[in-house]
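Because the structure is predicted, anything quoted here is derived from the model rather than measured. First listed ligand is number 1; within each ligand, the first listed atom is number 1.
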Amino acid sequence: MQTITCSAPGKIYLFGEHAVVYGESAICCAVDLRTQVRADISDTIHISSVLGDTGLDYDKYPYVSAVIENMSEIADIKGINLRIDSNIPVGSGLGSSAAVTIATIQALNLLFGCGLGLEDIATLGHNIERTIQGAASPTDTYVSTMGGVVMVPLKKKLNTIDCGIVIGNTGKFSSTRQLVSNVALLKKYYPQIIDPILSTIGRISITGEELVIKKEYEAIGRLMNINQGLLDAIGVSGPELSNLIYAARSTGAYSAKITGAGGGGCMVALTHPSESKQIASAITQAGGEAIITRVTENGVKVEQ
Ligand code: PMV
């Protein structure tokens, strides 16, 4: 085999971001937005995407460069030509870096016969994200590898959910590292206030598990809205996010909350599938970029 194309999905959080950093439970879903990586064996290293063409380049392609270097330790990679295409907005809390990392690992794994299984791929992906970002939870890389709805940190797969999902991108840059450190500071100053908030968020995820299993979307929505109130309380919301969240809720969404680190980036709304378009246009009118999607059970996979 000389050429292969692999893809991996992005993700949203139903519940639990930030609290998961302190070991609390969270529930994440892989969504049908994907990054594709086409890999051809070559004599040199060449990486290309809309970001530009280059060789091994940690400034432009830190995750892909790290995957190539890491996998060169277990495979004889003399050269590789990689083409990346994606419909996951970059740097907005939807797991774009995990998706490109996981899709590239699987492409090289299959092309060079490394024999990595899915658990190995998720673990290598997490190690690479941690090296590049300084800190990263295993959530994004695990969900991108396995697909579906996953409870973390237990890595327990739940059944799929089939309601409408509408993402609203504020277009405002969001630094996960900065927001996680803001929460850490608040927690340090006011542990008696912040610790119970974080453990309540964890309890929301635990209560939510049963509702996901029963597909009770209105009840899941109520808990997501409570989760949003608590995220606001720990300072990770903001006017741009609130604007999109209330636009979605007032148009009839079951729920709307931040997904990911917050500050900017994206919010997510759950809807009846027949109402997704209405919610999307409310988000657009409120100044966001709306994306209608759904949960995908397909984690990393080979594209035909
Ligand atoms: O914005 P994202 O997709 O990087 O998600 C961050 C989620 C946090 O819980 C805030 C941090 C983490 O590593 O889990």
Any luck finding a side-chain donor-acceptor pair between Arg34 and Ser7 under 3.5 Å? yes

With distance as the sole criterion, is a donor-acceptor pair present between the side chains of Asp162 and Tyr217 under 3.5 Å? yes

Are Lys187 and Asp195 close enough, and set up right, to give a salt bridge (charged side-chain N to carboxylate O under 4.0 Å, His left out), and what steps lead you there? CA-CA 7 Å; Lys187 182 171 153 53; Asp195 289 352; 2.7 Å; yes

Before signing off on this row, confirm whether [X] and ligand 1 have an N or O atom pair separated by under 3.5 Å.
X: Gly93; value: yes
X: Ala261; value: yes
X: Glu17; value: no

Flag the pair Lys78 and Asp43 as a salt bridge only when some basic side-chain nitrogen lies within less than 4.0 angstrom of an acidic carboxylate oxygen. no

May I ask you to decide whether Lys214 forms a salt bridge with Glu209, counting only side-chain N to carboxylate O separations under 4.0 Å? no

Write out the residue and atom name of the closest protein heavy atom to [atom], then the distance separating them to 0.1 Å.
atom: atom 13 (O) of ligand 1; value: Ser137 N, 3.3 Å
atom: atom 8 (C) of ligand 1; value: His18 N, 3.9 Å
atom: atom 4 (O) of ligand 1; value: Thr176 OG1, 3.1 Å
atom: atom 7 (C) of ligand 1; value: Tyr13 OH, 3.7 Å
atom: atom 3 (O) of ligand 1; value: Lys11 NZ, 2.7 Å

Asp140 contact mode with ligand 1 (heavy-atom cut-off under 4.0 Å): side chain

Is ligand 1 under 4.0 Å from a heavy atom in the side chain of Val21, in the backbone, in both, or in neither? side chain

Linking I/L/V/M/F/W/Y whenever any side-chain heavy atoms sit under 4.5 Å apart, do Ile74 and Leu110 land together? yes

Considering all heavy atoms of both residues, which atom of Ser25 and which atom of Ile206 are nearest to each other, and what is their separation? OG-CG1, 3.9 Å

Between the side chain of Ser96 and the main-chain N/O of Ile88, is any donor-acceptor distance below 3.5 Å? no

Contacting atoms of ligand 1, where contact means under 4.0 angstrom from a heavy atom of Val20: 9 (O), 14 (O)

